[in-house]
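Values in this document were obtained by computation on a predicted structure and should not be read as measured data.
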Amino acid sequence: DPKNKTALALLKEIKKEKAEAPKREKERKIRLLTARTYRLIRRKKYDEASVAIDKILKTDPKNKTVNRMLDEIKRGKEIDKKERARRKKEAAAKEREMNIRKLTRNVRGLIKNEKYEEAITETDKIIELDSNEKIAKVLLKEIKKAQKRSEAEKKKRSSEERRKRINGLE
């Protein structure tokens, strides 16, 4: 019946629902994309989050949440950059420390084998790695002390050998 008020009201409601369906679908899509974007930001997947933001803007160019998400991405990238720089600096310091230890062992071995010039060269490498490294100063003192001791022992042996030769001639 074309004049049935109930039927007309239902028909009007159906048409209204049908007309609003694309709008609701668009809102649903934006909610899903927004949730996905926030998950990506929390996981520090900033490039993927930026792609998701582009999809939101294609669906809703006037979306107000996008600026907040872009700010979070920017802050997250800055924090990550600082963290990477800190880790890199720590790794470099660790590597420098390991190199200094290795060089220190080498220098002590060279001193033991009376290779003083090589020991000084290796000590200079320690100073190049860290000019404030106290061990370099200690090593240089050890080298000088060992050199003096070695020279004294050589003189002593030399004079003993001369004495033996002189005594052998008498």
Colleague: With a 4.5 Å cut-off on side-chain heavy atoms, are I56 and M69 touching?
Modeller: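 Yes, at least one pair of side-chain atoms sits under 4.5 Å.
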
Colleague: Give, for atom CD1 of I53 and atom CG of L70, the distance between the pair rounded to the nearest 0.5 Å.
Modeller: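 I53 CD1 to L70 CG: 4.0 Å, rounded to 0.5 Å.
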
Colleague: Less than 4.5 Å apart, side chain to side chain, heavy atoms only: is that true for L139 and R108?
Modeller: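 Side chain of L139 against side chain of R108, heavy atoms only: contact under 4.5 Å found.
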
Colleague: Which atoms form the tightest heavy-atom contact between L40 and A52, and what is the distance?
Modeller: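 Distance-wise, the nearest heavy atoms are CD1-CB, 4.4 Å.
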
Colleague: Could you tell me the separation between the CD1 atom of I143 and the CD atom of E118, rounded to the nearest 0.5 Å?
Modeller: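 Interatomic distance, I143 CD1 to E118 CD, rounded to 0.5 Å: 11.0 Å.
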
Colleague: Can you give me the closest heavy-atom contact between A49 and I41, atom names plus distance?
Modeller: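 Result for this residue pair: CB-CG1, 3.8 Å.
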
Colleague: Tell me whether E90 is salt-bridged to R86, with the criterion being a basic N under 4.0 Å from an acidic carboxylate O.
Modeller: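 Yes, charged N to carboxylate O under 4.0 Å.
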
Colleague: For E95, does the CD atom sit with more than 12 other heavy atoms under 6.0 Å from it, leaving out its own atoms?
Modeller: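 No.
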
Colleague: Within the 4.5 Å heavy-atom criterion, are I135 and V107 side-chain neighbours or not?
Modeller: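 Contact flag for I135/V107 side chains = no.
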
Colleague: If we only count heavy atoms from C-beta on, is the I73 to K45 side-chain gap below 4.5 Å?
Modeller: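 Contact flag for I73/K45 side chains = no.
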
Colleague: Quick check: closest heavy atoms across T123 and A136, and the distance to 0.1 Å?
Modeller: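 Where T123 meets A136 most closely, the heavy atoms are CG2-O, 3.5 Å.
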
Colleague: Can you measure from CG (N63) to OG1 (T34) and round to the nearest 0.5 angstrom?
Modeller: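 Interatomic distance, N63 CG to T34 OG1, rounded to 0.5 Å: 5.5 Å.
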
Colleague: Hey, quick one: are Y38 and L57 part of the same hydrophobic cluster, counting side-chain heavy atoms closer than 4.5 Å, chains of contacts allowed?
Modeller: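 Looking at the clustering, L57 is in the same group as Y38.
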
Colleague: Do K58 and K55 pass the side chain to side chain contact (heavy atoms under 4.5 Å, CB included) test, and can you show the C-alpha distance, the side-chain angles, and the key distance before you say yes or no?
Modeller: CA-CA 5 Å; K58 284 179 185 173; K55 289 180 183 177; 5.6 Å; no

Colleague: Calculate, to the nearest 0.5 Å, the distance between atoms CD and CD belonging to E153 and E160 respectively.
Modeller: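 Nearest 0.5 Å value for the CD-CD distance: 10.5 Å.
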
Colleague: Any donor-acceptor pair under 3.5 Å linking the side chain of N113 with the backbone of K115?
Modeller: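 Between the backbone of K115 and the side chain of N113 there is no qualifying donor-acceptor contact (under 3.5 Å).
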
Colleague: Would you say S150's side chain and A146's backbone share a donor-acceptor pair under 3.5 angstrom?
Modeller: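 Absent.
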
Colleague: Decide, yes or no, whether a salt bridge links E78 with R75 under the criterion of side-chain N to carboxylate O below 4.0 Å.
Modeller: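 Between R75 and E78 there is no salt bridge, as every charged N stays at least 4.0 Å from the carboxylate O atoms.
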
Colleague: Would you check if L129 and L103 make a side-chain contact, meaning some heavy-atom pair closer than 4.5 Å?
Modeller: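 Sidechains of L103 and L129: in contact.
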
Colleague: Decide side chain to side chain contact (heavy atoms under 4.5 Å, CB included) for R28 and R31; before the verdict, give the C-alpha distance in whole Å, the side-chain angles of both, and the deciding distance to 0.1 Å.
Modeller: CA-CA 5 Å; R28 186 187 72 77; R31 275 194 313 276; 3.7 Å; yes

Colleague: Specify the closest pair of heavy atoms between Y116 and I111, including all atoms of both residues, with the distance to one decimal.
Modeller: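 So the two residues come closest at CE2-O, 3.9 Å.
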
Colleague: Set out, in order, the CA-CA distance, both residues' side-chain angles and the distance that settles side chain to side chain contact (heavy atoms under 4.5 Å, CB included) for R24 and E17, then state yes or no.
Modeller: CA-CA 10 Å; R24 279 195 312 277; E17 287 284 327; 3.3 Å; yes

Colleague: Nearest 0.5 angstrom please: E27 CD to T59 OG1, how far?
Modeller: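 These two atoms lie 12.0 Å from each other.
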
Colleague: Taking all atoms of both residues into account, what is the closest heavy-atom pair of L33 and T37, and its distance?
Modeller: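 Nearest pair, atom of L33 first, then T37: O-OG1, 2.6 Å.
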
Colleague: For the hydrophobic clusters of this structure (ILVMFWY residues joined by side-chain heavy atoms under 4.5 Å, transitively), does one cluster hold both L110 and I126?
Modeller: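 The answer is no; the residues belong to distinct hydrophobic clusters.
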
Colleague: For the pair E83 and R87, evaluate salt bridge (Lys or Arg N to Asp or Glu O under 4.0 Å) and give the outcome as yes or no after the intermediate values.
Modeller: CA-CA 6 Å; E83 181 62 21; R87 278 193 234 130; 3.3 Å; yes

Colleague: Tell me whether S131 contacts the main-chain N or O of I127 through its side chain, where contact means a donor paired with an acceptor under 3.5 Å.
Modeller: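 Side chain of S131 to backbone of I127: no pair is present.
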
Colleague: Could you tell me whether the side chain of E117 reaches within less than 4.5 Å of the side chain of Q147, counting heavy atoms only?
Modeller: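 In contact.
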
Colleague: Kindly indicate, with the supporting measurements, whether the criterion side chain to side chain contact (heavy atoms under 4.5 Å, CB included) is fulfilled by K12 and L8.
Modeller: CA-CA 6 Å; K12 186 178 180 181; L8 290 173; over 6 Å; no

Colleague: For the atom pair CZ (R42) and CD (E72), what is the distance rounded to the nearest 0.5 Å?
Modeller: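 One gets 9.0 Å once the value is rounded to the nearest 0.5 Å.
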
Colleague: Hey, are the side chains of D80 and Y46 touching, using non-hydrogen atoms and a 4.5 Å cut-off?
Modeller: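 In contact.
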
Colleague: Do E122 and K125 have side chains that approach each other closer than 4.5 Å (heavy atoms only, starting at C-beta)?
Modeller: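 Sidechains of K125 and E122: in contact.
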
Colleague: Does any N or O in the side chain of S158 come within less than 3.5 Å of the main-chain N or O of K154, such that one atom is a donor and the other an acceptor?
Modeller: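 Not at all, since once roles are kept as given, no pair shorter than 3.5 Å links the two residues.
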
